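First comes the structure, then the notes that go with it.
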Protein chains: 2
Amino acid sequence: MRESKDDRRVKYTKMVIKESFINLLEKKDLSRITVKEICEDADINRATFYSHYTDVYDLLRKIENELLENVNAQLSQLYEKGKKVNEVDLAERIFDYIKENAKLCRLLLSERGDISFQKKVMIIAYDKIINELTDNNKISREDAEYVYSFAITGCIGIVQKWFNDNMKKSPRFMAEMVIRLTLGLINISKQH
Amino acid sequence: MRESKDDRRVKYTKMVIKESFINLLEKKDLSRITVKEICEDADINRATFYSHYTDVYDLLRKIENELLENVNAQLSQLYEKGKKVNEVDLAERIFDYIKENAKLCRLLLSERGDISFQKKVMIIAYDKIINELTDNNKISREDAEYVYSFAITGCIGIVQKWFNDNMKKSPRFMAEMVIRLTLGLINISKQH
DNA sequence: AAATTTAATAGACACTGTGTTGACAAATCA
DNA sequence: TGATTTGTCAACACAGTGTCTATTAAATTT
C-alpha cells in the first residue's frame, strides 16, 4: 500500500502541477482549463499528469481535500490543548487560516467555486460549534436542520463578502459576527 | 432589432435543444455534456445549434436568464395589484414558483449549480423584502451588507435543504421560516 | 398559389485536446 | 555498484469543436 510518496520526482511533479493549475484558475474558468495547458505551464509531459490524476476535476478534488484536511488539523490543534474551547476562538482560527491561505481559498471558496465543497468546509468548522451550542438548547431536530442549512450557507456568503472586501475586517471581527449571527438564529428557533 | 423569434422552426429547435440539455444535465455533470450529444439527443444538426448558441455554457446562461425573468415576473404580478404586499406572501410566491418548476430549479439551484446565479435569484427575491424591512430599522450600511450576504446565501442553503427533503414542507412553511430567520438576523444586528 | 425569404441539413474541413502505449531514464534499495 | 522499481516521454488513434458550402425544406409575403 505504501506508495512511494517520498520519491522526489513525484513530489516535484505534483507540486508544479498544482502550482500551474492554481495559477491558471486565477486567470480563467475551471471549465476552460485543459490538461495540456497545465502540463505546458508546468513543463511536464501530459502522460505524467495522467499517471497522477485522471483529469482536471480529479486534480481539483484532491486539492480541495487537502484544504479540508488542513482546516481539520487547525481545529484539532486547538482541541488538543485540552482546555475548554471558546466558539469565537474556534471560528477565528478558521478565518485566520483562510487569510493565511488567501490565494487558494479565494479560488475554492469564492462564487466561482463549488458549493458542495464549500459546505463541507463550513460543516467541519461548524460541527463542533453547533454541537456545543445545541446540546443545551432544545430545538426540534427537524426544524433545526433547516436552520443549520441556513447558517452553513450563510457562512459561505459572509466569507465571500469578506473576500470581495479584500479581507479588510479582521479575522476576529468576522468570527464574532458569524458566531453572533449563528447564536441569534438558534435563539429565534427556540422562541418557536 | 426584431429577430424572427416567431418562426416556428426556430421555436421548435430552441425547445428541443433545451429539453435535451436539461435531460442530459439530470444524468451527468455539465462539464461532461457535449454539443454533439445534445444535438444527437435533440435530433438536430450541430450547425443548427451553433447558429443559436456559441457553446454549452452560452445555452446554460440563457436558460438561467429565462428563469430570472420568470421569477421577476412572478413578483411584479403581485405588485401590480397595487395592494400593500406582505413579505411572507412575497416569499411564498417564490417558493410556489420553485415548486412548480421543480425539475429545472433542482438543476439550477442545487449544490451542483453555480452560486453566482443562485445569488442573483435570491437577490431579486430578497431585494424588495429587505428594502421594506430595513427602511424602518436603522442598521449601519457596512454591517448590514455582511448580514445581507449571510441571509442571501443562507436562503440558498435552505432551498437546497428543501430539495433534499423532496419539498415535503409547504411553500408557506418555507416562506414563513425564511422571513422569520431574516427578521431575526436584522434584529440581532440592531442590538449592536 | 406562387414567389421569396429564411432556417435546417448533410457532409467535409482543419484543429485542438484526450487518454493510452511501449520504450527509456532516473531514483531507490540491496 | 548493479538490479529493480517507477516516473517520464514521444507518438498514436480518436473525440469533439467550430466553421463553411451546397442543398433541401419550411415559413412568410405578395
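So you know, we letter chains A, B, ... as the sequences are listed, proteins then strands, and number each from 1. In this text the structure is predicted, and so the values were computed from the model without any measurement.
With the nearest nucleotide of DNA chain C identified for both A:A47 and A:K36, A:K36 has the one nearer the 5' end. When each of B:R9 and B:D55 is assigned the nucleotide of DNA chain D bearing its nearest heavy atom, the one mapping closer to the 5' terminus is B:D55. Where B:N45 and A:D43 each meet DNA chain D at their nearest nucleotide, the meeting point lying more 5' is that of A:D43.
Of the nucleotides present, none pairs with C:dT16 by Watson-Crick or G-U wobble criteria with both distances under 3.5 Å. Nucleotide D:dA15 forms no Watson-Crick or G-U wobble pair with any nucleotide shown, as no partner meets the under 3.5 Å limit on both distances.
Nearest nucleotide to the side chain of A:Y50, out of D:dG7, C:dT20, D:dT17: C:dT20. Residue B:I44 has its side chain nearest to C:dT9 when only D:dT8, C:dT9, D:dA27 are considered.
Atom C1' of nucleotide C:dT9 and atom NE2 of B:H52 are separated by 12 Å, given to the nearest angstrom. Remark: P of C:dT16 and CD of A:E40 are 11 Å apart, rounded to the nearest angstrom. Regarding A:Y12, its OH atom lies at a distance of 16 Å from the P atom of D:dG7, rounded to whole Å. In this structure, B:K11 places its NZ atom 18 Å from P of D:dA26, rounding to the nearest Å.
Side-chain atoms of A:D165 do not come within 3.5 Å of backbone N or O of A:M167 as any donor-acceptor pair. A donor-acceptor distance shorter than 3.5 angstrom exists from the side chain of A:Q118 to the backbone of A:S110, with no hydrogens or angles considered.
A salt bridge between B:R172 and B:D89 is present, with a side-chain N of the basic residue lying under 4.0 Å from a carboxylate O of the acidic one. Using a 4.0 Å cut-off between charged nitrogen and carboxylate oxygen, B:D114 and B:K120 do not count as a salt-bridge pair.
In C:dA26 the base sits anti relative to the sugar, since the glycosidic angle is further than 90° from 0.
Residue B:T48 is classed as a base contact, given a heavy-atom separation below 4.0 Å to a base.
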